[in-house]
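Here's the structure, in structure tokens; my notes come after.
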Amino acid sequence: GRSSSRSVPPRRTDTVGSSAEPVEAVILDMGGVITVSPFALVDAYGVEAGLPPGLLATKMRSGAPMIERAERGEITLRRYFEIVCDGIRSELGTEIDPGRLVGCVEDSIVPNDGVLELVRSLRRECRTAMCTNNTSDLTEVWQARLPQDLVDVVIDSSIVGMRKPDADIYQLTLSRLGVDAERAVF
């Protein structure tokens with residue numbers, strides 16, 4: 001279930017580069033930020049399988065609480081996709097291959113070169129972190145595809161057993177960065 005902690009990420013600030021409140025850390029997400037979003041590949045596969053555009057990605061996103069379990073490392077992404085695919089088969093009669101869905105997500109773990117360049121530039125100015133909701137079966141994939149020295153701190157939900165938007169994962173990120181929330185931008 002959800003943590004009883006408030007779901008509040010470090011606040012956004014418009015004072016980056018000003019003397020009002022110096023930023024000591026920048027925290028980024030992986031999927032759709034440091035890497036491209038998986039949803040385009042998932043949607044393309046869904047259409048190929050005969051589903052309306054956007055439906056497969058919507059079904060993939062709407063799997064709470066099972067996706068939450070996967071993101072906390074309690075079940076694999078493949079197991080989560082097996083559940084999603086069973087639901088689609090029962091509801092719509094359409095066969096979706098969970099292994100192919102995992103492949104779509106793996107194939108989307110492609111570095112966003114512009115963001116990598118930005119992160120390298122930020123590291124000259126402040127501490128950096130990647131705080132991501134991830135699954136245990138993708139950890140080795142992203143670790144192999146992203147530069148290991150890209151950020152100062154990595155918080156992978158499937159390793160730490162907590163996920164965004166729960167406040168605890170943000171607090172862990174800030175603690176490992178050694179900065180207060182007031183000095184961080186997410």
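This structure is a prediction, so every number in the text was calculated from the model and none was measured.
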| request: Dump the intermediate steps for side-chain hydrogen bond (donor to acceptor under 3.5 Å, both in side chains) on Ser158 and Asp156, then the final yes or no. | output: CA-CA 6 Å; Ser158 69; Asp156 177 325; 2.7 Å; yes
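- In this structure, the side chain to side chain contact (heavy atoms under 4.5 Å, CB included) partners of Leu41, at least two apart in sequence or on a different chain, are Cys104, Asp107, Ser108.
- Arg145 places a side-chain N or O within 3.5 Å of a backbone atom of Glu106 that can act as its donor or acceptor partner.
- The hydrophobic cluster containing Val110 does not contain Leu150, counting ILVMFWY residues as joined when their side-chain heavy atoms lie under 4.5 angstrom apart, directly or transitively.
- Salt-bridge check for Asp137 with Arg78: failed, with every basic side-chain N at 4.0 Å or more from each acidic carboxylate O.
- Ion pairing between Arg79 and Glu82 holds under the 4.0 Å rule for side-chain N and carboxylate O.
- Using a 4.0 Å cut-off between charged nitrogen and carboxylate oxygen, Glu71 and Lys164 do not count as a salt-bridge pair.
- Side-chain heavy atoms closer than 4.5 Å link hydrophobic residues (I, L, V, M, F, W, Y) into clusters, and following such links, possibly through other members, connects Ile109 to Val115.
- Of all heavy-atom pairs between Tyr45 and Leu56, the closest is CD2-CD2, 3.9 Å.
- Under a cutoff of 6.0 Å and an axis angle of 45°, Arg100 and Phe81 do not form a cation-pi pair.
- For the pair Asp86 and Arg89, the salt-bridge criterion is met [side-chain N within less than 4.0 Å of a carboxylate O].
- The residues Glu24 and Arg127 are annotated as not salt-bridged, no charged nitrogen and carboxylate oxygen being separated by less than 4.0 angstrom.
- Listed by chain and number, the residues in a salt bridge (Lys or Arg N to Asp or Glu O under 4.0 Å) with Glu74 are Arg69, Arg72 (sequence neighbours excluded).
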